[in-house]
**Student:** 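I am attaching a structure below and will ask some questions about it afterwards.
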Amino acid sequence: MSWSSLLSLIVNGVVVGSVYSMVALGFVVIYKTTRVINFAQGELLLVGAYVCFALTVSYQLPFWVSFLMTGVFCGTLGYIIERVVLRRVVGDPIVSVIMITLGLSIVLRAIVGAVFGVNSQVIPSPIPDGAIMVGGVPVSYQYLFSMAFSLVAMIAFGAFFRWTRLGLAMRATATDQQAAMAMGIDVGRIFAVSWAIACVVSAVGGVLLATISGVNLGVSHFGLKVFPAVILGGLDSIVGAAVGGVLIGVIENVADGMFKSLLDIDGFRDVAAFALLVVVLMVRPYGLFGQRAIERI
Amino acid sequence: MSSGEFIVRHEQALRLFPTKWGRVRIAVAVALVLAFPIFANSYQLGLANLIFINIVAVLGLNVITGFTGQISIGHGAFLGVGAYASAYLVSVVGVPFLLAVPAAGLVAAVVGSFFGIPSVRLKGLYLAIATLAAQFILEFVFKGWTSVTGGTSGMSAGAPHIFGYEIHGDLPFYWILLAAAALALLFVRNLTRTATGRALMAVRDHDLAAEIMGISLFRTKVLAFAIGSFLAGVAGALWGHYVGYVTPEQFGLGLSISLLVMVIVGGLGSVLGSVLGAIFVTLIPEALTTGATMLVPDASRLTDMLAFLREGLFGALIIVTLIVEPAGLAARWERIKMYWSLYPFAR
């Protein structure tokens, strides 16, 4: 395999990985504050992408306006989902909560499918065509934009958690719910806000993906790729989610390319991340950036 | 119903079905199932066959998730292992059908216990994700190991023969699948009364306490995965032979999810719940289709929409059931029984 094809695999991997990072960030926010394992994360991405698509293409709104409206819509959706569904199963066994989110994912996918159909849709991008050369490989402005945008979004969320009052309340809830309650934090509201945030970041990931390669219903498998990403990065770490997402994107892309060119086996992409996941779980279950407080038996 | 019956001797407490009315209910159910083929058409027989297969698979998952408390999101792939193993044994090696099915169960048990080994070190979310990885890795093997599995196009399951007679069609399979489901039910029901079964439940209720009482966690958890995936393998093998063809798509994540739904909607750790869950979840999509076609006169124009509607209602049903009845249908059944046994005085 030549150097340039390897490099282009890596660049593609970073772009896909930045979408993984956004979805993983949403997953970690929900897991940290509410201890809910959200299997519907990929469907939240799907909803965001399709809402933005509808606003830009069907209603002819400028990209940035519809992007903002998508954010608001998905935030509200997340808030409602927490209030209506997840609030009722607080304290239920972990299997039941997992099944609730799986049910949610089925419902969301069915709604998106029924409203928007099964065809692949591409959001017209605000970024002009063109590319710069990196080490002899063309990298389009589009790719640069989506990488830069997800980096900015990550930093913005990091700053939000670090310096704002609400971010502090969320970190307090994640550390110790009872102590947070005793300090006067409305934990119920924090739960709803974390779902809203998770929906917004997933929607951002969805929109970025839709401008690059388009979306169809199959894109919801991004929600499952989140698990290798967050386990690799460390389940309770925001930085870990970001780094894990990008790493998984690169690793699966390169592994897929290797298998295709060297062994002529197709479809290794989907399994590479999970094979790596098993290794990580065995060797270093707390991931790269997570706390070492994994309960061992 | 069961009131006025007192257990005064040890042997009574040890019975498989302790109360008289319990035995009567079992007898009625057996009679109904035996008489069913007389008045059922082939579509209904097909549904019943599907339910029997699901009962066997769900019982297996219930041993892992319900009795031992280990989440498995890879159960559908274990069915696939059984289906491929049996199809290979029958159609390529030429092993008799009646031997190939348990052998396929054993193959699935070996694979399942291998993927169950992480459960010794991992709990909760981590285990759920490890079994999810098992699902994807096994699916990849089904698609990639072309010389054995036929790749994405699948393989023929081979014609099953019993004592020289070819088994073909819904009715002969009805009896075979009924027998398999009955055996699996008796097996799991008995398992709950043995030391092994109690060890499984002790691990679920408090693993540390169980270990202090001398139960080996490693042995017990791997055993649970072995038993559970043995039943899954048998179910998969029977399904493969019933359908006649085995493809990777049958054993995707969707199957794992719907098996989990059956276990949870039925009731975790309940044998009756496994049966109720399998019946309920198998029949719901059919009921939704019939209901939708009755509501929409011109269904042919709306087939796409209808599929999504069915899927969405199925998901909504999972959510509603879990919110309204978190302990499952089996718990609801217990409550109905309680209501009638106390009849005029209950609430």
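FYI, side chains are in, hydrogens and waters are out, and symmetry mates aren't considered; it's all heavy atoms of this structure. Order of the sequence lines fixes the chain letters, A, B, ..., with proteins taken first and strands second; residue numbering starts at 1 for each chain.
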**Student:** Answer with side chain, backbone, both or neither: which region of B:Ala128 has an atom nearer than 4.5 Å to a non-hydrogen atom of chain A?
**Tutor:** side chain
**Student:** With the threshold set at 4.0 Å, does a side-chain nitrogen-carboxylate oxygen contact exist between B:Arg335 and B:Glu325?
**Tutor:**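 Looking at B:Arg335 and B:Glu325, the cut-off is met.
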**Student:** So which residue, B:Ile257, B:Leu268, B:Val320, B:Ile117, ends up with the most heavy-atom pairs under 4.5 Å with chain A?
**Tutor:** B:Ile257
**Student:** Is the distance between the ring centroids of A:Phe39 and A:Phe227 under 6.0 Å?
**Tutor:** yes
**Student:** Check each atom of B:Thr65 against the heavy atoms of chain A and say whether the ones under 4.5 Å are side chain, backbone, both or neither.
**Tutor:** side chain
**Student:** Does any heavy atom of chain A fall under 4.5 Å from the side chain of B:Leu253, the backbone, both, or neither of them?
**Tutor:**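 It is the side chain, since no backbone atom gets that close.
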**Student:** Please verify the inter-ring angle class for B:Phe142 with B:Phe251; under 30° counts as parallel, over 60° as perpendicular, anything in between as tilted.
**Tutor:** perpendicular
**Student:** Check each atom of A:Leu102 against the heavy atoms of chain B and say whether the ones under 4.5 Å are side chain, backbone, both or neither.
**Tutor:**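 Interface part for A:Leu102: side chain.
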**Student:** For the pair A:Phe27 and A:Tyr31, name the ring-plane relationship: parallel under 30°, tilted 30 to 60°, perpendicular over 60°.
**Tutor:** parallel
**Student:** Does any backbone or side-chain atom of A:Leu108 lie under 4.5 Å from a heavy atom of chain B? Answer side chain, backbone, both or neither.
**Tutor:** neither
**Student:** Measuring heavy-atom distances to chain A, does B:Ile129 have an atom under 4.5 Å in its side chain, in its backbone, in both, or in neither?
**Tutor:**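 Both backbone and side chain of B:Ile129 come within 4.5 Å of chain A.
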**Student:** When the aromatic ring centroids of B:Phe115 and B:Phe225 are compared, is their separation below 6.0 Å?
**Tutor:**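 Centroid separation for B:Phe115 and B:Phe225: 6.0 Å or greater.
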**Student:** Looking at B:Ile318, B:Ile323, B:Leu317, which has the largest count of heavy-atom pairs under 4.5 Å with chain A?
**Tutor:**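 Most pairs with chain A among the choices: B:Ile323.
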**Student:** Examine whether an atom of B:Leu313 lies under 4.5 Å from a heavy atom of chain A, and if so say whether it belongs to the side chain, the backbone or both; otherwise answer neither.
**Tutor:**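 Contact with chain A: none, neither part.
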**Student:** So which heavy atom on B:Gln135 is nearest to which on B:Ile73, and how close?
**Tutor:**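 Here B:Gln135 and B:Ile73 meet closest at OE1-O, 3.6 Å.
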**Student:** Sort B:Ile264 into side chain, backbone, both or neither according to what part of it lies under 4.5 angstrom from a heavy atom of chain A.
**Tutor:**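 Only the side chain of B:Ile264 comes within 4.5 Å of chain A.
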**Student:** Among side-chain atoms of A:Asn38 and A:Thr101, is any donor-acceptor pair under 3.5 angstrom?
**Tutor:**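 The criterion, which ignores hydrogens and geometry beyond distance, is not satisfied for A:Thr101 and A:Asn38.
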**Student:** Go through the atoms of A:Val85 and report whether side chain, backbone, both or neither lie under 4.5 Å from a heavy atom of chain B.
**Tutor:**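 Answer is both: backbone and side chain atoms of A:Val85 are under 4.5 Å from chain B.
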**Student:** So, for B:Leu217 and B:Glu211, which heavy atoms are closest and what is the spacing to 0.1 Å?
**Tutor:** CD1-OE1, 3.4 Å
**Student:** Is it the backbone or the side chain of A:Leu281 that comes under 4.5 Å from a heavy atom of chain B, or both, or neither?
**Tutor:** both
